[in-house]
Participant: 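Right, I'll just put the structure down here and ask away after.
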Amino acid sequence: MKILKFGGTSVGSVENLRRVKDILISDQENKIVVCSAMSGVTDQLVSLVENIKLEDAEAITRNIHRLESKHTDVIDELVESTEIKNVLKDGLTLLITELFEIANQEYSEIVNSQIITYGETLLTYIFSGFLKSLQIENVLLDAKDFMHVGTAENPDILEVSRRINKMFEEGVQSSIYITQGFVCRNLEGDISHLKRGGSDYTATIIGAAVNASEIQIWTDIDGLHNNDPRYVEETQPIAHLTYNEAAELAYFGAKILHPQTVSPVVDKEIPVLLKNTFDPEASGTIISNKTYRKGLKAISAKDGITAIKIKSNRMLMAHGYLRRIFEVFDNYHTSIDMITTSEIAISLTIDNISNLDEIVREIETYAEVTVEQNHSIICIVGESVINDRNSYKLFEILNYIPVRMVSYGGSNNNISLLVDTKDKIPTLRFLNEKLFHVPHEIVV
Ligand code: ASP
Ligand code: MG
């Protein structure tokens, strides 16, 4: 069994939905197909949640009608038979009625999750019907019936597995199952979600649950690139990445993958392929446990980072000082990404500033605290990158750009720099030039 996940752009137009259909029928193996919402739809649903918070009935109606007509147009263009078209439109009307009912409730976390995951419900319903209209047999599974993950941080794969297998045993058999990404249920059994971009994570959770032979993540680019193609010209797709490398890149900003994507499949060693819906023949990126080449692979950048410097003479030769500082962050459930220390000061970074004021207030009772926002972590990744003979060249950046922190040697696979976000693009370009535009001689 393979898992194929299609992102927002891949299902974002009638033309692209037809491409997805072609990809599905080009491979005979049994598959579970995980779909995102059409591109732009989740953003619109997020704004619908804002309308609900403001109890703006007119905006709610306008917003839902817009979604309805967008999806009605898709049915009209996609499906040929008038009879099937009408059946599908009747079903869509029911789904839209249900959406109105949810939107008429008072705002709560559950309402939020129900609304923002609705784009996946609408799209999978239409796509499954479209395939049926072409006699491509498939079964639409409701992800809410089996994605009982408990917590998104540590999904209960066994429970998901038990539920999927039960559905397979009791339900109609098919070689193609279609389901929704992004939505899940929490420990209470309430509808929840896997955070924005979470359909990738759905695919690997399901893959681990059914012991898939392979997971394919179909997007609009030919795999993970060695630098951010939005800011740097002439980036190259990377053919192979290890799970470690992919996890670091996804966590540190590579937009193509949800940060937690690979974690469910690492132990089971299920390969994850990143493929391009618009160029299915391109080989894309294969993420697996195999190291084909050590050394420098890619650079990514994560924005929205806050640097905190904590300085105190009491730190000099004292033990237990770091524990005291880390405890404060722990008490406020705030995780720390980068750390550098000197004898009397420590600098660290966080990306969640919701408890920043409290944290600073507490530490200020015994140390001097300086906070600097709007920073970016630039992450240079590759198995054994610190042993790559070319990696020293990245330090030439110090001649040109004020680097706020450097983290080297924390792991063999990652070197991180902290820069002001206004210097992010020049940093990415500089590093690209220095590290990738050289005959790559790697000695590890
Ligand atoms: N539709 C959701 C989003 O836009 C989930 C996903 O596409 O992965 O974030
Ligand atoms: Mg995505």
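Whatever order the structure lists ligands and atoms in, that order sets their numbers, starting from 1.
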Participant: Can you tell me if Gly198 has a non-hydrogen atom under 4.0 Å from ligand 1?
Facilitator: yes
Participant: What protein heavy atom lies closest to atom 4 (O) of ligand 1? Include the residue and the distance to one decimal.
Facilitator: Arg196 NH2, 3.0 Å
Participant: Could you tell me the residue and atom name of the protein heavy atom closest to atom 6 (C) of ligand 1, and the distance to it rounded to 0.1 Å?
Facilitator: Ser199 OG, 3.2 Å
Participant: Strictly under 4.0 Å, does any heavy atom of Gly197 approach an atom of ligand 1?
Facilitator: yes
Participant: Is a donor from one side chain sitting under 3.5 angstrom from an acceptor on the other, for Asn244 and Thr242?
Facilitator: no
Participant: Could you tell me whether the side chains of Asn186 and Ser192 share a donor-acceptor contact shorter than 3.5 Å?
Facilitator: no
Participant: Is the ring pair Phe100/His65 parallel, tilted or perpendicular, if the boundaries are 30 and 60 degrees?
Facilitator: perpendicular
Participant: Considering only heavy atoms, does Glu120 approach ligand 1 within less than 4.0 Å through its side chain, its backbone, both, or neither?
Facilitator: side chain
Participant: Is Lys195 in contact with ligand 1, taking contact as a heavy-atom separation below 4.0 Å?
Facilitator: no
Participant: Apply side-chain contact (heavy atoms from CB on, under 4.5 Å) to Ser391 and Ile415, showing your working.
Facilitator: CA-CA 9 Å; Ser391 70; Ile415 303 169; 4.3 Å; yes
Participant: Enumerate the atoms of ligand 1 whose separation from the nearest heavy atom of Phe182 is less than 4.0 angstrom.
Facilitator: 2 (C), 5 (C)
Participant: Between Phe182 and Thr117, what is the shortest heavy-atom contact and its length?
Facilitator: CD2-CG2, 3.8 Å
Participant: Between Ser47 and Asn63, is there a side-chain donor-acceptor contact under 3.5 Å, judged purely by atom types and distance?
Facilitator: yes
Participant: Any nitrogen or oxygen of Thr42, main chain or side chain, under 3.5 Å from a nitrogen or oxygen of ligand 1?
Facilitator: yes
Participant: For atom 7 (O) of ligand 1, which protein heavy atom lies nearest, and how many Å away is it?
Facilitator: Ser36 OG, 3.0 Å
Participant: Is it the case that Ser10 and Asn16 place a side-chain donor and acceptor less than 3.5 Å from each other?
Facilitator: no
